[in-house]
A.B. asks: 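Could you have a look at this structure, given as structure tokens, before my questions?
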Protein chains: 2
Amino acid sequence: MLNNQKDRRRDQILDAFIDLLTEKGYRNTSMLGVARKASASKETLYAWFSNKQGLFEAAIRRNAETVQTLLQKQQISGVSTEVALITFGSALLTLLLGEDSIAINRAAMSEASTDPELARVLMDTGRNATLPYFLNLLEEHQQSGHIKMDDTHLAAEQYLGLLAGDLQIRRLLDVLPEPSKKTIAKRASVATAAFLKLYAQTNNKT
Amino acid sequence: MLNNQKDRRRDQILDAFIDLLTEKGYRNTSMLGVARKASASKETLYAWFSNKQGLFEAAIRRNAETVQTLLQKQQISGVSTEVALITFGSALLTLLLGEDSIAINRAAMSEASTDPELARVLMDTGRNATLPYFLNLLEEHQQSGHIKMDDTHLAAEQYLGLLAGDLQIRRLLDVLPEPSKKTIAKRASVATAAFLKLYAQTNNKT
DNA sequence: GTCAAACCGTACCCATCGGTACGGCACTGG
DNA sequence: CCAGTGCCGTACCGATGGGTACGGTTTGAC
């Protein structure tokens, strides 16, 4: 089997896993079910991913890569602070509230008491990989003089808090459908406005 | 058995359930385990709570009552807006990030794909019961002229977003320990400061 | 064309768990 | 002191699922 084909096969298996994860949750997703859905054999699953946790971990890592790629593709250089924040916020919110991320987070939480490793991987490849990137964005815009922050880390957390609110929690509980592009854009816009009110550089101060 | 004794027995069972939930998660908490821990019999569990979901639902409702009681006990009348927000915020954050609430939310999320009812009960008795109370608090303080909000609901969500950030998510993933009183007080204070910067009634405007 | 490795499908083993049944003990109410 | 009821502990049933083994088939390398 060529490497390329093998990669595609691997993707198909991870797709099947994510699908079942979304549909039935982690504990009700059986290895046999994944194998069937991907037209693979259990033996292959165990050969490639060791066990159920390994399969899950691979899915987490792949999802994280996708997220990072999409975020870094956003046009946030050479635009106003407002536009940069809205662009980044919209993209982040879209990913954070998407079916895949929600299913993965839900699963990691459900296993958190028994298997801390999965949550750790999720944090490292997710939030901990994204936050520095966002901090950097804020610093840059501070240097160009549009905003003024004493504590960049706090400012970042505040923007993210204003942006997400409890949407992620409600999505995790499945009491909120996936928001439309329009809803997300609006949300990012409102959060940005509030953030700028907090941190915009006013001219009547030293 | 006197009613009072029976109530205590019921509480003991729910305590045992919550303990195991915290320790092992929902799926790894067995009815036999609960029975053993509470020195009860499985037959009694099924007689009193019908089944595992019923037991969980009872635990959700009891927790929600505790939360409501504690929140409503806070002194938030006749104090400044700042103090009211800090007081309410600290109390809410303490409850939201406490072991019991976290374990319950985690469990409800892990079953969300299969059993929407549990998440519904959690939302109704939790957020949906608390939010109106908080909205009312904000409205009162607006009427006394210290803050000015166009959209109270938005303002409320913004305060809660600033307050909680992603702490709840991180607690659910078990990558963050339960914060100390001091940490929580600080957090409520910072969130309140930001909120007041957004909504404080300034005197130089009509 | 041939051979070996990889993979599919399935059967199997073992453990766990939700839910039910039942025998025995303790406590209550008269 | 005695009947009756509620509860404890445990044994049991059926189903499910993680992980392994294996025969049959496809696929890729030479």
Side-chain angles (χ1 to χ4, degrees), chain A residues 1-60 103 106-108 110-111 113-115 117-118, chain B residues 1-60 107-108 110-111 113-115 117-118:
Chain A
M1 209 180 234
L2 299 175
N3 264 358
N4 210 335
Q5 286 179 331
K6 198 156 182 172
D7 282 357
R8 276 219 304 276
R9 197 84 192 82
R10 191 186 137 98
D11 269 344
Q12 286 171 10
I13 291 174
L14 292 179
D15 286 342
F17 177 69
I18 293 281
D19 278 1
L20 290 177
L21 206 62
T22 303
E23 189 186 338
K24 314 161 73 131
Y26 185 71
R27 289 311 269 252
N28 290 322
T29 294
S30 69
M31 294 298 270
L32 179 58
V34 176
R36 268 212 248 276
K37 184 143 200 161
S39 294
S41 81
K42 283 179 71 177
E43 205 174 30
T44 303
L45 294 197
Y46 283 97
W48 291 7
F49 303 100
S50 300
N51 49 37
K52 199 180 178 183
Q53 276 120 34
L55 181 58
F56 186 23
E57 199 175 312
I60 293 177
R106 213 180 266 162
S110 78
E111 301 305 299
S113 334
T114 346
D115 191 347
E117 182 63 8
L118 294 171
Chain B
M1 209 181 237
L2 300 176
N3 264 359
N4 210 335
Q5 287 179 331
K6 198 158 183 170
D7 282 358
R8 278 221 303 276
R9 198 83 190 83
R10 192 185 138 97
D11 269 343
Q12 286 171 8
I13 291 175
L14 292 179
D15 286 343
F17 177 68
I18 294 281
D19 279 0
L20 289 177
L21 206 61
T22 303
E23 189 186 337
K24 314 161 73 127
Y26 184 72
R27 290 309 270 252
N28 290 322
T29 294
S30 68
M31 294 299 269
L32 178 59
V34 176
R36 268 211 248 275
K37 183 142 200 162
S39 293
S41 81
K42 283 179 71 176
E43 203 172 31
T44 303
L45 295 197
Y46 283 97
W48 291 7
F49 302 100
S50 302
N51 50 36
K52 199 180 178 184
Q53 277 122 34
L55 181 57
F56 186 23
E57 199 175 312
I60 293 176
S110 78
E111 301 305 299
S113 333
T114 347
D115 192 347
E117 182 63 10
L118 294 171

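All figures in this text were calculated on a predicted structure; none of them were measured in a lab. Reminder, nothing fancy here: chain letters follow the sequence lines and each chain counts from 1.
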A.B. asks: To the side chain of A/Glu43, which of C/dG18, C/dC22, C/dC8 is closest?
C.D. replies: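 The answer is C/dC8.
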A.B. asks: Can you tell me if NZ on A/Lys37 sees more than 12 non-hydrogen neighbours from other groups inside 6.0 Å?
C.D. replies: yes
A.B. asks: Could you state the NZ-P distance from B/Lys37 to D/dC8, rounded to the nearest angstrom?
C.D. replies: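 The answer, rounded to whole Å, is 17 Å.
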A.B. asks: Give B/Thr29 one of three labels, base, sugar-phosphate or nothing, depending on what nucleic acid heavy atoms sit under 4.0 Å from its own.
C.D. replies: sugar-phosphate
A.B. asks: Atom CG of A/Leu20 to atom P of D/dT16: distance rounded to whole Å?
C.D. replies: 16 Å
A.B. asks: When you measure only distances, ignoring hydrogens and angles, does the side chain of B/Lys42 come within 3.5 Å of the base of C/dG19 through a donor and an acceptor?
C.D. replies: yes
A.B. asks: Would you say B/Arg9 places a side-chain N or O within less than 4.0 Å of OP1 or OP2 belonging to D/dC8?
C.D. replies: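 Answer is yes, contact under 4.0 Å.
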A.B. asks: Between B/Thr29 and B/Lys24, which heavy-atom pair has the shortest distance, and what is it?
C.D. replies: OG1-CB, 4.4 Å
A.B. asks: From C-beta outward on B/Arg36, which listed nucleotide comes closest to its side chain: D/dT10, C/dG18, D/dG18?
C.D. replies: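 The listed nucleotide nearest to B/Arg36's side chain is D/dT10.
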A.B. asks: For C/dC7, does either OP1 or OP2 sit under 4.0 Å from a side-chain N or O belonging to A/Trp48?
C.D. replies: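 Answer yes for this pair, as a side-chain N or O of A/Trp48 is under 4.0 Å from OP1 or OP2.
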A.B. asks: Starting from C1' on C/dG18, measure out to CZ on B/Phe17 and report it in whole angstrom.
C.D. replies: 13 Å
A.B. asks: For the pair A/Phe17 and A/Tyr26, name the ring-plane relationship: parallel under 30°, tilted 30 to 60°, perpendicular over 60°.
C.D. replies: perpendicular
A.B. asks: Can you check whether B/Arg27 has a side-chain N or O nearer than 4.0 Å to OP1 or OP2 of D/dG17?
C.D. replies: no
A.B. asks: A/Ala47 near the nucleic acid: base, sugar-phosphate alone, or nothing, with a heavy-atom cut-off under 4.0 Å?
C.D. replies: nothing
A.B. asks: Rounded to whole Å, how long is the line connecting atom OH of B/Tyr46 with atom P of D/dG9?
C.D. replies: 16 Å
A.B. asks: Just checking B/Ala40: base, sugar-phosphate only, or nothing, at a heavy-atom cut-off of under 4.0 Å?
C.D. replies: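 Counting heavy atoms under 4.0 Å across all strands, the contact made by B/Ala40 is with sugar-phosphate only.
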A.B. asks: Using whole Å, what does the distance between atom P of nucleotide D/dC7 and atom CD1 of B/Ile13 come to?
C.D. replies: 9 Å
A.B. asks: Under 4.0 Å between a Lys/Arg side-chain N and an Asp/Glu carboxylate O for B/Arg27 and A/Glu111?
C.D. replies: no
A.B. asks: Please report the distance, rounded to the nearest Å, between CE in A/Met31 and C1' in D/dT16.
C.D. replies: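 Distance, rounded to whole Å: 15 Å.
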A.B. asks: Using OP1 and OP2 only, check whether a side-chain N or O of B/Thr44 sits under 4.0 Å from D/dC8.
C.D. replies: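 Affirmative; the distance criterion is met.
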A.B. asks: What are the two closest heavy atoms between B/Ser113 and A/Arg106, and how far apart are they?
C.D. replies: OG-NH1, 3.4 Å
A.B. asks: Give the rounded distance in Å between these two atoms: CZ of A/Arg10 and P of C/dA6.
C.D. replies: 17 Å
A.B. asks: Just how far, in rounded Å, is P of D/dA15 from CG of A/Asn28?
C.D. replies: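 It works out to 17 Å between those atoms.
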